[in-house]
Protein chains: 2
Amino acid sequence: MGASKIDIYSNEINEIAAIAKVFSHPARVAILQYISKQNTCICNDIVDEIGLAQATISQHLKIINDAKLLEGTFEGKSLCYCLNVERFQELQSLFNSFFNQTKSNCC
Amino acid sequence: MGASKIDIYSNEINEIAAIAKVFSHPARVAILQYISKQNTCICNDIVDEIGLAQATISQHLKIINDAKLLEGTFEGKSLCYCLNVERFQELQSLFNSFFNQTKSNCC
DNA sequence: ATTTATTATCGTAATATTGCAATAATACAA
DNA sequence: TTGTATTATTGCAATATTACGATAATAAAT
C-alpha cells in the first residue's frame, strides 16, 4: 500500500498524470516561470530568487529536466538552463486534448 | 522539513500547482475521464471500472470535489456525480494562460 | 597543481500521499 | 423500524515527496 498502482491505467492516463506531477509543486512552477522570464537565459540565481536551498532547487530541476523541459549548456563556469519550448508546447497540447475530450463527452 | 513551503510563492503559482496536483494521480485522471464518458452521468460503477477499493475511490473523489470539479445529486439510493464543466474549463484556461505566458517570455 | 565557483548527489529527517479494511453515515424499501 | 445498498470517514501501514546539510563532481582561473 501507499504506492500508486500505475499498471492498472492506460498509457494516456499515466502520461497526463506524469505531466501534471511536474507542475504540481509550486517550486517547479516558479522555476519554470523564472527561467522563462530571464530572456538572457542565464541561470542559478534561481537559488537566490526562490527561497530554497541549492540542493533542493537542483532536485526540482532534475524532475523538470526528466520531463525533457530543459535545455542546459555551460556558459563559463555556470550552467545556462533554457526552456525547451517545443516540449513545453507538446505538454500543453497533450493536456489540452485531455481537457477537450473530457469536456465534450460530459452530460 | 518535508512540507512544501507554499508561503514563499505567489498566489498564481500556488494556484497552478494546486490545479496540477488534482491531475497528478492517474486514478483521478481516470475518474474524470470515466465520469465524462458516461453521458448518463450515473456513477459508482467507478469502483468496478477502476480497480481500487471503494474507500480509495471515495478519497480521490473528495480531492476532485474539493477542486470544485464535481456536481453530485442523489438519484434513488445512489449518488450521481457529474463534471462541473464551467469549473473544468476555468482550470483549463488558468493552465493555458500559464503555459502561454511562460512560453512567450522565453529565449 | 591549487583554488574558487557552480551544480549534482548522498544521506537523513519530516511530512504527505496512497491504499485498504473496518466502520459509520445516509437514503430508500419493505 | 429493520434491512439493504451506497457513499463517507477513520485508523493504520507502506511508500513517496520535500527539504537540507554535507560532500562530491565539474569547470574555469590563478
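Letters A, B, ... mirror the listed sequences (proteins, then strands); counts begin at 1.
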Of the listed nucleotides ([options]), which one gets closest to any side-chain atom of [X]?
X	options	value
B:L52	D:dT9, C:dG19, C:dA8	C:dG19
A:A55	C:dA8, C:dT18, D:dG21	D:dG21
A:R28	C:dT7, C:dC20, D:dT18	D:dT18
A:I63	D:dT7, C:dT7, D:dT18	D:dT18
A:Q59	C:dT18, D:dG21, D:dT18	D:dT18

Please confirm whether A:F99 and B:F23 have ring centers closer than 6.0 angstrom.
yes
When we call it a touch if two heavy atoms are under 4.0 Å apart, what does B:A53 touch: a base, just sugar-phosphate, or nothing?
sugar-phosphate
Describe the nucleic acid contact of B:I57 in one word from base, sugar-phosphate, nothing, applying a heavy-atom distance below 4.0 Å.
nothing
May I have the distance from [X] (atom [atom1]) to [N] (atom [atom2]), rounded to whole angstrom?
X	N	atom1	atom2	answer
B:D45	D:dT7	CG	C1'	13 Å
B:L70	D:dT7	CG	C1'	14 Å
A:I8	C:dG19	CD1	P	7 Å
B:H60	D:dT9	NE2	P	15 Å
B:K62	C:dA16	NZ	P	16 Å
B:I31	C:dT18	CD1	P	11 Å
B:L79	C:dC28	CG	C1'	14 Å
B:Q54	D:dT6	CD	C1'	8 Å

Among the clusters formed by ILVMFWY side chains lying less than 4.5 Å apart, do B:L69 and B:Y34 turn up in the same one?
yes
Return the set of residues passing salt bridge (Lys or Arg N to Asp or Glu O under 4.0 Å) with A:K68 (not counting sequence neighbours), or none when no residue passes.
none
Please confirm whether the shortest side-chain N or O distance from A:Y81 to OP1 or OP2 of C:dA8 is below 4.0 Å.
yes
Strictly below 4.0 Å: does A:T56 bring a side-chain N or O up to OP1 or OP2 of D:dC20?
yes
More than 12 heavy atoms of other residues, nucleotides or ligands under 6.0 Å from CG of B:N11: is that the case?
no
Would a 4.5 Å heavy-atom cut-off, applied to side chains only, mark A:L79 and A:T73 as touching?
no
How about A:N100 and B:Q92: do any of their side-chain heavy atoms sit closer than 4.5 Å?
yes
Would you jot down, in residue-number order, the residues of residues 16-26 of chain A having a non-hydrogen atom under 4.0 Å from DNA chain D?
A:K21, A:H25
Return the set of residues passing side chain to side chain contact (heavy atoms under 4.5 Å, CB included) with A:Q33 (not counting sequence neighbours), or none when no residue passes.
B:E12, B:I13, B:F98, B:Q101
